[in-house]
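Order of listing sets the numbers, starting from 1, for every ligand and every atom in it. Quick note: numbers below take in every heavy atom, side chains included, and nothing from hydrogens, waters or symmetry partners. Given the structure is predicted, the values throughout are model-derived calculations rather than measurements.
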Amino acid sequence: MSVLQAKELTVAFNGVKVLSDLNLMIPSGRITALVGGNGSGKTTLLRVLGRLLKPTHGSALLDAKEISHLSSKELARSLGILPQTPVAPEGLTVRELVTQGRYPYQSWYQQWSKEDEHMVEKALTTTHLLDLADRQLDSLSGGQRQRAWIAMVLAQDTPTLLLDEPTTYLDLAHQVEILDLLDELNATQGRTIVMVLHDLNQACRYAHNIIVLQAGQIMSIGKPDEIITEELVRQAFAVECQIIPDPLTGTPLCLPIRRKTQVAAHAPLT
Ligand code: ADP
């Protein structure tokens with residue numbers, strides 16, 4: 001089981017720190033949600049964990065190995081990444097995109113196999129895209145396109161999935177469908193899932209572990225019912241709220257009341 005870790009991780013852009021000395025371990029076989037206000041560093045952290053971005057200082061480790069030392073195929077067989085606004089070449093069809101997910105399994109001696117074919121069909125079926133498989137991505141709605149990207153990551157068949165706001169562009173039914181799918185992949189196949197989520201209540205329902213970021217630092221980390229409090233929401237999101245147990249799941253349910261009236265200025269990170 002792969003273990004993903006950040007060690008003394010700092011990221012600065014033009015000398016301004018946006019992640020500051022983070023140490024954390026992503027529990028394997030569990031669902032972890034990254035939450036926090038806009039600009040708190042969620043996307044940056046996910047990008048560093050997926051090696052899309054090099055840290056200024058410190059490192060991301062996979063099974064105690066620096067991810068910067070892994071070959072790109074080794075990495076792609078371990079981590080599937082769905083960035084926030086993925087870009088595909090013009091004219092690409094859904095099936096062609098999903099096929100790209102099998103790239104880490106190809107080599108000069110291992111050509112396209114039945115297993116590759118099977119994984120592509122399975123990913124298209126799971127995301128309900130079989131009927132759209134031959135359509136060009138740019139002809140799809142935002143939600144359909146998002147599902148196509150998720151299908152590509154699923155075809156990659158990695159033990160760990162990193163997803164930046166996987167429910168963006170999706171209507172409520174498709175949001176629930178994708179989150180249920182990720183939940184099932186975790187429950188039945190033990191996949192480790194790390195996702196940035198905007199909706200705190202969805203995070204509380206679906207994640208076993210929540211990492212709350214604020215101004216590039218970890219404000220809190222732990223199980224939803226242990227860490228999500230009215231005080232935490234006030235500090236992390238500048239919102240006054242009431243937390244009640246979710247009548248369906250018993251997990252914390254945040255009822256926003258109003259924006260916090262006096263928003264304290266964030267101390268600049270140095
Ligand atoms: P979040 O995902 O929590 O909204 P981000 O990780 O996207 O936050 O951004 C954290 C901070 O880093 C923001 O202030 C953002 O403007 C800044 N930032 C992110 N990427 C870059 C970049 N490539 N260049 C400069 N600043 C960046």
Does an N or O from N14, backbone or side chain, lie closer than 3.5 Å to an N or O of ligand 1?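 Between N14 and ligand 1, no N or O pair is found under 3.5 Å apart.
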Can you tell me which residue and heavy atom of the protein come closest to [atom], and the distance to 0.1 Å?
{"atom": "atom 7 (O) of ligand 1", "value": "T43 CB, 3.6 Å"}
{"atom": "atom 10 (C) of ligand 1", "value": "G39 O, 3.5 Å"}
{"atom": "atom 26 (N) of ligand 1", "value": "F13 CD1, 3.4 Å"}
{"atom": "atom 5 (P) of ligand 1", "value": "T44 OG1, 3.6 Å"}

Is N38 touching ligand 1 with its side chain, its backbone, both, or neither, if touching means heavy atoms under 4.0 Å apart?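 The answer is the backbone.
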Check for a donor-acceptor pair, side chain of [X] on one end and backbone N or O of [Y] on the other, with a separation under 3.5 Å.
{"X": "D63", "Y": "V3", "value": "yes"}
{"X": "K42", "Y": "G37", "value": "yes"}
{"X": "R30", "Y": "H208", "value": "no"}

What is the distance from atom [atom1] of [X] to atom [atom2] of [Y], rounded to the nearest 0.5 Å?
{"X": "E165", "Y": "H198", "atom1": "CD", "atom2": "NE2", "value": "3.5 Å"}
{"X": "T127", "Y": "I150", "atom1": "OG1", "atom2": "CD1", "value": "8.0 Å"}
{"X": "Q214", "Y": "S220", "atom1": "CD", "atom2": "OG", "value": "11.5 Å"}

For atom 8 (O) of ligand 1, which of the options A215, G41, G36, G37 provides the nearest non-hydrogen atom?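 Nearest option to atom 8 (O) of ligand 1, by heavy atoms: G41.
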Only heavy atoms of S40, strictly under 4.0 Å: list the atoms of ligand 1 that pass.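 Near S40, meaning under 4.0 Å from one of its heavy atoms, ligand 1 has 1 (P), 3 (O), 8 (O).
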Could you tell me, atom by atom, which parts of ligand 1 come under 4.0 Å of a heavy atom of V18?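 With V18 as reference, the close atoms of ligand 1 come out as 11 (C), 12 (O), 17 (C).
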So among I228, I243, D246, which one has a side chain to side chain contact (heavy atoms under 4.5 Å, CB included) with L253?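 When side chain to side chain contact (heavy atoms under 4.5 Å, CB included) is applied between L253 and each of I228, I243, D246, only D246 qualifies.
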With a 4.0 Å cut-off, strictly under, does atom 15 (C) of ligand 1 pick up any protein heavy atom?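 So far as the 4.0 Å threshold goes, atom 15 (C) of ligand 1 is out of reach of every protein heavy atom.
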